[in-house]
Structures are given as C-alpha cells and as structure tokens.
Amino acid sequence: MKKTTALWLALGLAGYVLLPWYETDAGLLDPAVLAAYIRGEVPSGLAQMLFHGRWWLAAPLIGFAGSLAVLLVVKAQRQAAIGLVTFTAAGLALSAMQGLLIIPSGARLLSFPGTEVGQGSMGIGALLTFCGLLFTLTTGISGLGKGRGDAFVCGLIGAIVASVGVFVFYPVLHVLLRAFELRDKTGYGFGEFLPRLLSADIWGAKCLVFAGPCGSGTNSLILALMTGLGTTVLGLAFALIFTRTNFRAKGLLRVLTIIPIITPPFVIGLALILLFGRSGTVTNLLADVFELERTRWLYGFWGVYLAQVLSFTPIAFLVLIGVVEGVSPSMEEASQTLDADRWQTFRYVSLPLMRPGLANAFLLGFIESLADFGNPLVLGGNFNVLSTEIYFAIVGAVADPARAAILSIALLFLTLGVFLIQRRWVGKKSYTTVTGKADSGRHAALNPGLRAACYALALPWAAFTAVVYSMIAFGSLVKLWGYDHTFTLAHYARAFAIDIGHGLRFTGSAWDSFFTTLGIAAISAPLTALIGLATAYLLVRQRFFGKAAFEFSTMLSFAIPGTVIGVAYVMAFNFPPIELTGTAIILVIVFIFRNMPVGVRGGIAAMSQLDKSLDEASTMLGANSFTTARRVLAPLLGPAILAAVTYSFVRSITSVSAVIFLVSARHNMATSFIVGRVENGDFGVAIAYSAVLILTMLAAILTLQFTIGQRRLRRTNRLEAA
Amino acid sequence: MTNTLPKGSVRFDRVAKRYGNVTALKELSLEIEPGTLVTLLGPSGCGKTTTLRLIAGLESASEGSIFIGGQDVTHLSATYRKVSMVFQSYALFPHMTVLENVAYGLTVKRMRKAEAKQRAEMGLELVGLKGFGNRLPSELSGGQQQRVAVARAIVLEPEVLLLDEPLSNLDAKLRRHVREEIRQIQQRLGLTAVYVTHDQEEAMAVSDRIIVMRNAEIAQEGSPHDLYERPASAFIADFIGDANLVDVEVTAASSSGAEIALCGRKLTLPSAAAPTGPAKLVLRPHQIKLDRMPGQSTFPAEITYAAYLGNQIQYTLQGELGSLFAVAPPIAGAPQVGSSVFVSFEPTEARLVSA
Ligand SMILES: Nc1ncnc2c1ncn2[C@@H]1O[C@H](COP(=O)(O)OP(=O)(O)O)[C@@H](O)[C@H]1O
Ligand SMILES: [Mg+2]
C-alpha cells in the first residue's frame, strides 16, 4: 500500500508544485505558453499561494503534508490508512470548496475577505493535484479493508464516481440551480420555481379540445405516448415475422437492426421533406394527379410522429426479437399438447409471457421520443416539444437560461420517471426471460389470421422505410429536389472538394467539421469503452460498500436526455472553476458520458457470460484484480471491447442533441453543420453530407463485424489444426 | 516437487457467515491436521462451498477468525493466501494453452519465464499430461481438464489445496478413476487438502476425515469408519450409508450395552450405547436377514416390492417393524413379491441413535 500511496502523492505534488494551477489559453505544449511557463509567468498552485496572495490554494497542501507525515511516521497499517483517508479527504473537500466558492465574478453565495483577487479556471496543475489526492484517498480506503482491501478496485470506483460526479451530476445540479433564478436576475428564490414549472405554456392542454396550441410538455407527452405505441406494435409485427414465420427475406429485416445505429437522428426528417414537403415527390404527384393543394402538414405533429416512428421502430424490433425468442418453446409446445390451437397458444401463453418485454419496448420508444431532438428540430414547425424549446431558449433571439433550466427539469422529470417505472416494474422481469437457458424445441408458428395481420402491418412499413432511405441517395444527386431533377455531383463537390493543384488541399466546406468529427469520435471512443467496461466490471464482478447507490447513479445518468446534458454543460462549464466551452475537450467529454451506457450495457452482457470462477481462479493463483482484469478478462472480452469502441465511435458521429450546444467555430461537428445547412434550406449539401456520414459509419460497423468474425475463425482453425 | 511441500493446518475459530439475513454458517469451529485430506460432506445448501471459500479468502467472515499454518489470515485477501483451489467448473482460462494455464500462477508472481515453464511442465507430468502443454483447454476431455486444474493448483506449492465438487462434471465411470488419482497425488505430496462433495460414497473413498455438515453447522466429524459405525444421530446414520431407523424404547443402559423393548420383545444389544427412553435402532439394509420360518426374535413382514439388480436384490418390506429396506444375494429361490418372510438381525451389529 505504501508504494502505491507514495506514487500517487508524488504525482499530485508534481501537479501542485511544478505545473500551472490555472488554465492557460492554449495547451502547455504551445510555444508561447511554454515560454511564459519557463519565465515563471504561469505559476503553480504552491507559487500562487506563496507569492500571489491566493492563500486559499493552501487547501491541497493540507492533504499532501498530512499524508506525507502519516507515511513517514505511522507504522501500523490500519492507523496509517485512517490518517491518509482523513487528510486526503479534508484536502480534497477544501480544494473543491475553494474552487466553487472563490470565483472571479457573478452571483456569489458567500464571499470571504482577502479573496478579491479572484481566480480563473483550474488547469493541468489542479487536475493532477486532484487526481493525486483522490487516488491517495482510495488507496487509503483500500487499506481500511473496504473493497476487500483492493487498491485497484477502490481506485476504479473512485475514478468513476468522481468523473460521473463532475461531468454528469455537477452540470445537472447547475441546471437545477439556474431553475431557481429569479426573473429579474437579482438572485435565487423558491417563489417563482413551481409556478414556472407548472405553467400553462408547458402543460397547457387546449389542443385536446381543439381550442389552440398545447404547451410543449403536453406536446412531448402526447407525441411520446403515440410513438411508444406505434413503434411497439410495428416492432412486434416485425419480430413475429422474423422469428415465427418462414418469411423469405429475413436477411433484409436484419438490415433494419443496423439502420438506426448509423442514421443521424434528423436524416429521416430530411428524407420525409423530400417526399412530403411542399415540393416533395409525393406532394407533387398528388398535386398533379388529384390537384390536391400543397400544404405544410408535414411540419408539425404528424411529420414529427412519422419521423419518430420510422426512426425508433427498429429499436423496438431489436428489443422484441429478444423477447419473442425468449418465450420458451416448451411452454408453447406444452400448450399445444393440451389441445390449444395456435391462436389460443399465442393469446393465452405467448402474449402474457411477452407482456413485460412489450412494456419495456413501449417505455424505450417513449423515452427515445421524449429525448429526440433532431426530428422535431427539422420538422416541428410550430409544434413545440420540450427538447426543441430548450434549444431555442438558449440560442433563440431572446436567450432565457432560466426558462431553459425549467424546461430541462420538466423533461428530466419525465424521462427519469419513465426510466424508474421501467426499472422497477418491467426491467428485471424482461431480462430474465431474455437470458434464460438454451431451450430446445420449436416455436409455434403463427396462426394464419395473425400472420396476415403482421404482414399487412410490417411489409408496407418496411417498403416505406426503404423508400425513405433511397431518398437520401437520390436527394443528394439532383440539382434541386422537386424542381430540377438533373443529375449532378455538385453537392458532393461543394462539401467534399479536394484541390490537388497546389499540394493536397481539402477545399470542400464540409471537410473541417468532418475531420473534427472523426478525430473527436476517435479519441472519445476508446475512452468511452474503457470507462463503460470498467463500470460494468465493478457492477458485475465486485461487491463493495454502496454498490446499490453506485449502480443506481450510473443508471440514472443514462436517462438524462442529450438536450439537458447540452444545456447543463453550457451552464456548468462556461466559467470557473471548470471552464471548457469552446474547446475540443468538452466535446470529447460529452461523448464519453453520453455514450457510456453503450459500454456499460455491452460490458455487462459480455461479462455475465464469463463464469465468475475464472476471475476467482486467477485470484487464487495469486493475481491481484488488476492483473486478473488485464490477463484474463480483457482478452476474453476482446470482441465486446471492440464492439463498444465501434458503437461509441458511431454514436459520437450521429449525436446531435447535446453537441449542438457545445460546438464552436473552431470545433464544429458534422451533425451541427448539417443542421445549419437544413436551417438555410440547403438540402442538397445536407443530404450529401448525411449520405457520406452513413457510409462512413457503415464502413466502421462492417469492419467491426469482419474483425470479430476473423477472431472466431482463427479460434476454430486452431482447433482443427490440433 | 518432492514431499518437502509446506503443509498447512487450517483452523476455524467460531466463524460465522451471513449474506444479508441468510445465515450460511453458524459459529463454525474446526481443525484440519497438516497433510490430511478432509472432506466437507452434506446435502446441498448446507454451507460446504461457503466454508471452502472462506478458507480460500474469496468470502470474508462475518465473525470469528481463520488460521492457516498457524497464521491469522482472517483479513488477508485471497491473492496473498498460500491456498490453491480446484473449481467445480475447472475455470481453465480458455484463451491460454494448457501450459500457460499451469504457469499462470507462477508468472503473476514474476517468476522468470523459463523457470515457470519448466515448473509447469513438471506439474503436468505429475498429473500424467506430459506433452499436452500446447493444447487449448477446449481440446482436452473433461478428465484431462480436471487434471490440468489440479496441476495448475499444485505447482504453486500451496499450504492447502481446496477442491469444490471436483468430480461433478465428469461422467459416472470416470469419477472413480479421477478420485483415486487425486487421492494418490495428495498422499504422494503429503498435501493438506479440503474436499467438498455431497456424495457420501465419494467422501468415504477419498478422506482421512469427514466433516458432515447440516443446516450451516457441523453435524458430526470423524474418520469414514467412525461415522459409519458410530453415527451420532439419525441424520448421520441415514446420510452415511443407507439405514432403516426403527423406533425402540431403551429400558436399561449399562457399560456392557443396552437393553431394548422392540414390538413387545426384549433384546440386548451388546455394542450399542444410549440413555434409557425412546431411541432409534439403526439397521443397515445388508444387516437384515430374511427367513421363511419364524425363529427366536424374528419379526413377520411381507415383501411389497423387489428389484433385481444383478449382484443383489433390493426389497421393500412391510411388517411389525414398519417399512424396511433390505438387500439380499440373488440366489435361486429368493423370496418373491407378496410372500411372507421373517426378519431378523444380529444384535451385536445393531446400533442405537437418539430419537
Ligand atoms: N452470494 C450469496 N448470497 C446469498 N446467499 C448465499 C450466497 N452464497 C451462498 N448463499 C446461501 O448460503 C447457503 C450455503 O450455500 P453453499 O455454501 O453454497 O452450500 P453448499 O453446501 O451447497 O455448497 C445457501 O443457503 C445459499 O443459498
Ligand atoms: Mg456447493
């Protein structure tokens, strides 16, 4: 324990004594910053405290000095651990407090004499200091016998709790705080909060009696209910066709399961505009043939609803395949041997067994719809939902952060509420049916009536989906959709032109955001996989004090909609102590914490399949948990790790809701670039760019499948060779 | 790999283990001598695996202290205990070859590669798997995988070797063979071994001593012979070898045996001991003799079921002594179902347990 402690202390001290405490304009490796650093113009925490009147930066010193004294003086292991924990916890708490309380300007909760100099945002020195103290603390806790005395596990828990705390809960708390801000900006108070949260412009329901528009909250709820229902019914029809009939083109249905992963959320909306917009193909056709009036019906509830059902049906399908397959065939066989016909078997045995799974699919569709931002943004028109209202409250003509905060809380309540219902009520049940034992026997075929109903429902929808996607290909290749259908590559040229006249130059307008997107996705993907799998490892494999709370808080962070995270980041990371807006770092961070669920879920699924006795065998053979994770779990989880990396990469590329708040002129992302084009009515480039993104992601996924396939092949080859 | 291995004793001092409000072990105290093979035997759910995992350090005790080789290891984590374990599922690492598996424990202790490899090869030789080092575990049969698991555990020269139902994944024919091998290796190396099983025959066959557990407690411990010949309770009598338990009344007890009243007849059992009062008479199936004619102290019964097993016939009888289970050699003219017989037993062989 002493060696590990000493190492972390040394790292922290190096940060505190040597490196600049405050954030510098550019990275430390930037020549100008480096020169200033060498001249001593960007002082370390210690120097700030000693020579620049910032006495409060002595806080970390309490942790360091105390811990060093403990290390040198106290011999007994337990006493030493208690000492370390006390001092580092105090150091951390005080350091965090000084950061939160002593800021340069703005509304202060408290102010202290002698702090008028104020301070900027924390930098690399502060980061290392906090890490050093944190891991000394966790090592100390491991010395107390918590986490079964395992420094690696304690450190991992500490790292995840701290990062989720700083990058999920801290920003969300900011939103909560802003929601209590008084309208005249004079401070905070409870008086206005409830009336604003419950006001009619959020929850008004006039539209239900056709007496005017509804509030955005009501709109969101109605939309989510309808979308949840629609996607569940369609998803079930697809799942039944897929698992219970001998439908020929099942391979094509499989494609449906990949589509939502690689489709940026607004692309369906775009394609719908090309079909049903004022100059859309179908609109034109109807106008020409039946002389129907060209209306803007698409821009409103029905357009958004259509886009969402198209977008989220595949997700319901994915969930319900598992549910339908999870119904044990022996139950159905038993029912049939008891002389029930196929319809009775389905109605009285299979369907009740699927009920928790169906509820689960419904709630998933419900949450997805609530959190969806891209489709309402593109198609919403005057139909306001919470997620777009939040966006306009931040970037609109009259920015009103307090209103954005209130709306965010309303949205958060809805998603968290549904999420909790899902976990309490159906979450567990539906998992057990999916992970049941392999069961022999055959599923009962559908009875003819039901089969016909499924086909009637699903096949037109599948055809429609195909048409919508082909729009993306065609739309990017004609001059001006609806008016001039001559073939052209001009949109691609404008976006992705390359000039090789004077050396290689990427002159297309899209390249900048394209490279930024790929770069940031590539940086964040492995980090996401790492933190996601580490969380899964703790959840599946370790027992520790407070695990239930740990699990709950990581799960809770899954339910926070992207829009809310975006707003929260803008509110929390725009000023000290942590100032990140406008940097690429904030984009990387937002992707990590938005996509963490992918890694966690994948990790949990993969790790649950590895027998726990493998870890225990490794432990018994004298390996500590770090060695076990590295030499036993990591190699066996290879495919899961690869999948987590790929999916977080792809999700980073398609993400729009949180990102749109955080992009800057220097770091623009593909999705927000496309949304910008759409808002300018520049559909050609938008669609061309979307097509390129989809192809990029398809390539990533196919590479993944191929690589995993290769790994399996190698294994069997080896078997045959022996 | 000679018999100079360190031999550890194991001692539990009032160790308890609770999971929430489930009590997996109640205040267990036990002592395992160095160099012996001790079996934890008992029905499923009685706490055998929990006891083993406490020795291993994979679970931490809720109360009490654990000593290995005289050292208090209660708060030492599994990584640092000099204990190895053979898992029920073998837990061989599927991505490593057999040799890498066996050398794993040595390499994580930073032993040099060449030396670790040499030691691992010696370990494989010891379990008769020389030359299998380059295969993957999936390329071995169940029995071979089992032996790799044993080799992997013993190359670390543990003070105590733990085995959790090591035979349960093998087919019945192989079990006898593998258990003999495990016993031979244990005796050859003089290892201290703790062996968990729920199969009493297996326990009898391999153990120096057996600790029978029931409901999170020790029911009785002793050598296989002791447990069979001197069961302390009806549970042990029935669990270790089958037994018919017949209600009797002890009328007089002395150092030279017990006098009992059985269906109105008086019998003297010279090698049974019990206080006066109600008790149970232990009759092993093979101790029951069946005759066609009544004799001195015989009890009438009728055969309700007979099963011919080749080497013996198993009978179920109904009669004065209640329902009895008996076996007899399959000789010509053996009694048939429905026939009336007279049951007797040798008083010197009969035992008494408390009711
Ligand atoms: N991780 C656990 N959580 C809760 N109860 C457990 C756990 N492990 C074992 N138990 C309970 O402890 C008791 C003893 O289990 P075990 O030692 O595995 O029995 P066995 O003798 O079959 O090996 C059982 O009642 C079991 O349900
Ligand atoms: Mg067990």
Side-chain angles (χ1 to χ4, degrees), chain A residues 1 76-78 81 142-154 541-545 547-548 606 609-641 711-712 714-722, chain B residues 19 49 52-53 55-60 74-98 100-111 120 132 134-140 148-149 152-158 160-162 164-165:
Chain A
M1 183 182 101
Q77 156 122 12
R78 207 180 148 74
S142 78
L144 290 178
K146 293 273 154 53
R148 279 190 288 149
D150 195 317
F152 171 68
V153 171
C154 283
R541 285 301 212 255
Q542 298 292 339
R543 275 172 290 157
F544 48 89
F545 176 77
K547 179 172 168 182
Q609 288 185 344
L610 287 184
D611 193 355
K612 192 163 185 221
S613 64
L614 289 172
D615 306 32
E616 291 178 345
S618 174
T619 309
M620 293 303 303
L621 294 168
N624 59 29
S625 46
F626 178 66
T627 311
T628 303
R630 190 172 58 87
R631 287 191 53 182
V632 176
L633 289 179
L636 292 174
L637 289 175
I641 295 173
R711 283 176 67 102
R712 296 232 172 86
R714 263 216 309 280
R715 169 128 285 165
T716 45
N717 282 345
R718 195 165 176 182
L719 267 177
E720 279 157 14
Chain B
Y19 298 100
T49 299
L52 202 70
R53 291 169 62 87
I55 302 176
L58 293 171
E59 305 285 348
S60 51
T74 316
H75 298 290
L76 197 65
S77 80
T79 308
Y80 304 105
R81 292 192 191 179
K82 295 201 175 80
V83 171
S84 288
M85 185 153 166
V86 175
F87 288 82
Q88 190 168 1
S89 57
Y90 315 144
L92 298 179
F93 306 130
H95 59 300
M96 299 181 192
T97 64
V98 166
E100 285 165 347
N101 263 286
V102 179
Y104 180 84
L106 302 169
T107 54
V108 299
K109 295 219 168 82
R110 306 264 149 83
M111 184 184 276
F132 284 75
N134 287 327
R135 298 216 193 162
L136 285 175
S138 55
E139 297 160 5
L140 297 182
V148 175
R152 186 175 71 174
I154 61 180
V155 290
L156 288 178
E157 309 191 344
V160 184
L161 178 67
L162 307 175
D164 189 2
E165 311 228 357

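Quick note: numbers below take in every heavy atom, side chains included, and nothing from hydrogens, waters or symmetry partners. In the text below, chain A, chain B and the rest are named by the order of the sequence lines, each starting its count at 1.
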Who pairs with A:Phe152 by ring pair (Phe, Tyr, Trp, His ring centres under 6.0 Å), at least two apart in sequence or on another chain?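 Applying ring pair (Phe, Tyr, Trp, His ring centres under 6.0 Å) to A:Phe152 gives A:Phe626.
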Run the ring pair (Phe, Tyr, Trp, His ring centres under 6.0 Å) test against B:Phe93 and tell me which residues pass, sequence neighbours left out. B:Tyr104
Please look at B:Leu92 and chain A and tell me whether the side chain, the backbone, both or neither of the residue comes under 4.5 angstrom of a heavy atom of that chain. backbone
Contact class of B:Arg152 relative to chain A, heavy atoms under 4.5 angstrom: both
Assess the residue pair B:Leu58 and A:Met620 against the criterion (side-chain contact (heavy atoms from CB on, under 4.5 Å)); give the C-alpha distance rounded to whole Å, side-chain angles, the decisive distance to 0.1 Å, and a yes or no. CA-CA 8 Å; B:Leu58 293 171; A:Met620 293 303 303; 4.0 Å; yes
Report which part of A:Ser618 has an atom under 4.5 Å of a heavy atom belonging to chain B: side chain, backbone, both, or neither.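 Interface part for A:Ser618: both.
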Quick one: of A:Thr628, A:Asp615, A:Thr619, who has the most non-hydrogen atom pairs under 4.5 Å with chain B?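 When all of A:Thr628, A:Asp615, A:Thr619 are compared, A:Thr619 has the most.
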Using every non-hydrogen atom in the two residues, find where [X] and [Y] come nearest and quote the distance to one decimal.
X	Y	value
A:Pro635	B:His95	CB-CD2, 3.4 Å
A:Ser613	B:Ser89	OG-OG, 3.0 Å
A:Leu621	B:Leu156	CD2-CD1, 3.5 Å
B:Met96	A:Val632	CE-CG2, 4.5 Å

N/O donor-acceptor pair under 3.5 Å between B:Thr79 side chain and A:Ala623 backbone: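 Flag set: sc B:Thr79 to bb A:Ala623 pair under 3.5 Å.
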Enter the distance from A:Arg78:CZ to B:His75:NE2 here, rounded to the nearest 0.5 Å.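 These two atoms lie 8.5 Å from each other.
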Any salt bridge linking A:Arg631 with B:Glu100? Criterion: basic side-chain nitrogen under 4.0 Å from a carboxylate oxygen.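 A salt bridge is absent here (no side-chain N lies under 4.0 Å from a carboxylate O).
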Less than 4.5 Å apart, any side-chain heavy atom of A:Leu636 and any of B:Pro94?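 Sidechains of B:Pro94 and A:Leu636: in contact.
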